[in-house]
Amino acid sequence: MLTKIYSRFFSGRLAAVFPLILLLPLLAAAGDAVAELPRTGQQTCYDDQGTAIDHAGTGQDGDLQAGAVWPDPRFTDNGDGTITDRLTGLMWLQDGGCLGRLSWQGAMDIAGGRGEAARRGSCQGLAAYKDWLLPEIGQLEVLFSAEEVAAGGWLNRHRFKNVQAAAYWSRTIGPNPYRAWVFHFDSGEVRLAGKIDPNFSLLVRQPGATAGAEAAPPADQPVTAGRLVDNGDGTVTDQASGLMWLKDAACLGNAAWQEGLRMVADFNRDPAKYGCRDLQASYQDWALPNRHEMRSLIDPLRDLPALPADAPFRDPLSRYWTSTTAAARPASAFALALGSGELLAMAKDKAQGVWPVRPVAGRPDRSRLSAREQSAGAVKDPFLLEPIGGSRAIVWPVKRFTDHGDGTVTDNITGLMWLNDGACFLPETWENAGKVLAALNSKPDRLSCATYKGRYADWQLPDLAVMRELLQGAAGEPAAWLKSQGAADIIARDYWMRDTNPLNLYFAWAVNLQDGTPRNYPKSFELHVWPVRLPDLPASVGPAPLILGNGEEDRLLLKKGNELLLSAAIGQVTGAVPAVFRIWYVAPDGKKRWLNDQGAWVNEESALYRGNLFLLEESPVFRGDTAELAPGDYIFFFAVLPAEGMGEDGQNGFTSQLRVTVTP
C-alpha cells in the first residue's frame, strides 16, 4: 500500500531506494523523515507585474526552493534512443515527437505494442524494449523545470530531442472516463482533455519490472484511505508527501497572488489574527505551496472537489494559488482549480484561495538551487552559448501589423491587408456597406478616408473565419489590442462581416470588438465597416536584415565571460512575402549552431521564425553568457530567406553578419 502511495510522484526503481521497511515508521510518527517531493526547478522570483526581483524573504517558490535536490547530471543518455532520469529511475523514449499526434487510445495502443507499425518504426529505441507505457500524469509533471518558459525546450537541451511545445498524453484518466490528463510542455499547465483529441506522447518504462508482467502500480491511482490524518490541533498531515496543511482550508480566504504571499508571512507572525477554526498548533514556517506540493493533494479520479474521499478539510475554496510563477507569462502564477484538479496559469492580480503548507519535519537548512544544479544534465559543449536566466521563447513579429504609409496595414501573420483607419466610415447598413466598398474600390477620393492614398480595387468585408483568426491572439479588449498592434482608430463596437445567415436572408453576421464575440443582426442595422483585401505579391522583395551585438554592427570585441546581447532589425520591406528567418553562428573550429524559437542554440539547422516579411525595429532576440566560449572569432549571421529562395546559409536570401572576437 505504501509503495502505491509513494509512487504518486515517483515509481519504479526509485521506490526501491526507499523500501517498504523504511516507510513503515510513517504510520506511527508523522514527524519522521519521508521522501520529499522534488524541487520544481524555479530559482527566479518575480513581482506581480512579471519583473524579476531579489528572492530574499519573498516566500516564493524561487526563494524557498522546497523539495529534493536534483542529481547532477539529472539525465543520462543511454545511447540507444532512451534517456534515464536519475531523479526517478524512470527510462524515457528520447524522441518526444516521433509518434506524432494521436488520440488517447491510439497512444495507449502504440505503448502496448498494438499501434501503427509505421509510427513505431520511426522511433529509435522503441523496439529495444517491450514494456513501454504511457506515463502517469505525475511522472510527466516531474519532468517540468519551472524556471523555463517551455519544458520542451529545456528537455531538448538536456539530452531529449523533438519534445514539442504542446500537450502530451498521460495514461491517467479523469473522473469522466471519456477524458484523460495531459501535461502542457509549452506552459506547464496540467489539464483534462477529451480522449479523442490529438496530442503528443512521450513513452516511459520502469527498469526492473518483470518482463510480461504488470508494471509497477499506477502512480496516480485513487489514494488509499487513511492517508490524510487529522492531528486534532487544526492541522492535517499527508502521510504520502510528509506535508502538513491547515484543516480550515478557507480561513485565509481569497487574495491576489502578491497579497497571498504577504498574508502567509503575516500568519506565521500572528496566526490567531486569522481565526482559523480549531487551530492550536503553533508553527512559524508556513508557506504558500509550490506547484508540486499543491498538486500532491489531488485525487485524479475525483472532482468537485478533486480531493481524496475522506479528506478532513473544512470548507475548501474553488481555486488556490501556488508560489510558482508561470515563467512563460511571469505576470501569472500557477493556481489549482480544486473542482477539477487542473493546474492553470492565472493572472497574479486575480483573487484566489490562500492555503498554507509546511513540511512535517520542518524546513531543512539547505542552500538555494545553484547554477550548477540548474544546468544538471545539460550536454556540455565548449562552443555552445548558454542562455542567461533560462531560455525565453522568441516571439516575432513585435507588432501584428506593418504600416505601409498609404493608409493600409498588413497582417504579418496572414499577409492580409487592412484599411488602417477602422473609423473611416460612418456606421452603415449591411447593404450600404457593400456600396461604400464599391466606392472605395473605384472612387476613393470621394470618401472621407483622408489617410488612404492607395489605389486598390478589391476591398471587401472580412468573413468570420478571417476575423476569428485575427483575434485569436488578442489580449484584453480586441479593439484596444488591435490599436496596440499598429491598426488605427478601431472602435469597440460591432463590425459587419461578409457572412449572411442562411436561415434568414434578412440577417448577417458582425463581430463585436469590445469582447470579440460574433453576433447576428438584421441587415438594416447600422454597424461599422473595416475593409480587408488579399495583397498583390510583389515580383521581388528587398528586406534589409541587420544583426548587432551589444548594439555594435559588423564587429564586436568581447572579453571571455562577458554578456552578449544579440539584437536584430529588418527594414525596406516591399511586400508580405512568406519567408524564413534564421540566426546562426560559426565557431572558430568551423562548427555551426542555430538559434531556435525557444532561445536555445541547437546543432541542427533551425528556423527562428516563419512568417511574412515585416518591418522590425531593433529587437533583442538572445541574451547569452560567453563563459563557455574558447577565445577566437565567432561569425554570427541573420538571414531572411523568402519562400522562393530558401538556400542553405542564406544563399538566394538576404543576410547580415557580425564578427564577435572573444578574448581571454
Side-chain angles (χ1 to χ4, degrees), residues 7-11 37-42 61 67 88 90 92 96 104 107 134-152 154-155 163-176 178-195 197 199-202 204 218-223 240-241 288-308 316 318-329 332-347 352-353 355 357:
S7 66
R8 183 172 181 82
F9 270 91
F10 301 96
S11 58
L37 300 176
R39 287 182 171 181
T40 70
Q42 189 154 97
D61 185 5
T88 63
L90 297 174
W92 295 88
W104 182 83
L134 204 59
E136 294 291 347
I137 188 61
Q139 295 168 343
L140 284 173
E141 288 183 74
V142 173
L143 287 180
F144 180 65
S145 172
E147 180 67 11
E148 302 294 326
V149 168
W154 178 76
L155 288 173
V163 178
Q164 305 296 305
Y168 276 72
W169 283 120
S170 77
R171 73 174 182 268
T172 312
I173 61 172
N176 180 336
Y178 295 101
R179 305 180 79 195
W181 289 93
V182 294
F183 182 80
H184 285 260
F185 275 99
D186 49 352
S187 64
E189 292 186 325
V190 185
R191 291 178 174 268
L192 287 161
K195 288 183 175 179
D197 295 346
N199 289 311
F200 287 97
S201 306
L202 186 63
V204 70
D220 290 284
Q221 61 184 358
V223 270
S241 65
L288 202 62
N290 66 31
R291 57 174 290 143
H292 285 343
E293 292 169 335
M294 193 80 255
R295 277 275 298 163
S296 71
L297 274 179
I298 297 305
D299 183 338
L301 292 180
R302 292 182 58 82
D303 59 7
L304 302 174
L307 291 171
S318 59
R319 291 179 185 267
Y320 284 100
W321 281 123
T322 77
S323 62
T324 308
T325 290
R329 290 179 284 167
S332 299
F334 291 108
L336 181 76
L338 195 59
S340 63
E342 293 175 301
L343 192 72
L344 311 171
M346 305 292 293
Q352 313 284 351
W355 194 359
V357 71

Of the non-hydrogen atoms in [X] and [Y], which two are nearest, and what is the gap between them?
{"X": "F334", "Y": "E189", "value": "CE2-N, 4.2 Å"}
{"X": "A146", "Y": "Q42", "value": "O-NE2, 2.8 Å"}
{"X": "W181", "Y": "V190", "value": "CE3-CG1, 3.8 Å"}
{"X": "E293", "Y": "L288", "value": "OE1-O, 4.5 Å"}
{"X": "L338", "Y": "P316", "value": "CD2-CB, 3.5 Å"}
{"X": "E148", "Y": "A327", "value": "O-CB, 3.4 Å"}

From [X] [atom1] over to [Y] [atom2], what is the distance, rounded to the nearest 0.5 angstrom?
{"X": "F144", "Y": "L343", "atom1": "CZ", "atom2": "CG", "value": "9.0 Å"}
{"X": "S340", "Y": "N176", "atom1": "OG", "atom2": "CG", "value": "12.0 Å"}
{"X": "N199", "Y": "W104", "atom1": "CG", "atom2": "CH2", "value": "13.0 Å"}

How about [X] and [Y]: do any of their side-chain heavy atoms sit closer than 4.5 Å?
{"X": "I137", "Y": "W169", "value": "no"}
{"X": "R191", "Y": "L344", "value": "yes"}
{"X": "H292", "Y": "T322", "value": "no"}
{"X": "Q139", "Y": "W92", "value": "yes"}
{"X": "D299", "Y": "L307", "value": "no"}
{"X": "T325", "Y": "S332", "value": "no"}
{"X": "L143", "Y": "L202", "value": "yes"}
{"X": "L301", "Y": "P175", "value": "no"}

Tell me if a side-chain donor or acceptor on [X] pairs with a main-chain N or O of [Y] at a distance below 3.5 Å.
{"X": "R171", "Y": "L134", "result": "yes"}
{"X": "R295", "Y": "L336", "result": "no"}
{"X": "D303", "Y": "A306", "result": "no"}

Indicate whether the side chain of [X] and that of [Y] have a donor and an acceptor atom separated by less than 3.5 Å.
{"X": "T40", "Y": "D61", "answer": "yes"}
{"X": "E147", "Y": "S145", "answer": "no"}
{"X": "T172", "Y": "E136", "answer": "yes"}

- Task: Establish, yes or no, whether a centroid distance under 6.0 Å links the rings of F183 and Y168.
- Result: no
- Give the intermediate values and the outcome of side-chain contact (heavy atoms from CB on, under 4.5 Å) for residues W355 and L297. CA-CA 12 Å; W355 194 359; L297 274 179; 3.9 Å; yes
- Before giving the answer on side-chain contact (heavy atoms from CB on, under 4.5 Å), spell out for S170 and L140 the whole-Å C-alpha distance, their side-chain angles and the decisive distance to 0.1 Å. CA-CA 7 Å; S170 77; L140 284 173; 4.1 Å; yes
- Message: side-chain contact (heavy atoms from CB on, under 4.5 Å) for W321 and M346? Distances and angles first, verdict last.
- Response: CA-CA 9 Å; W321 281 123; M346 305 292 293; 3.9 Å; yes
- Item | From CA spacing to verdict: side-chain contact (heavy atoms from CB on, under 4.5 Å), Y320, M294 | CA-CA 8 Å; Y320 284 100; M294 193 80 255; 3.9 Å; yes
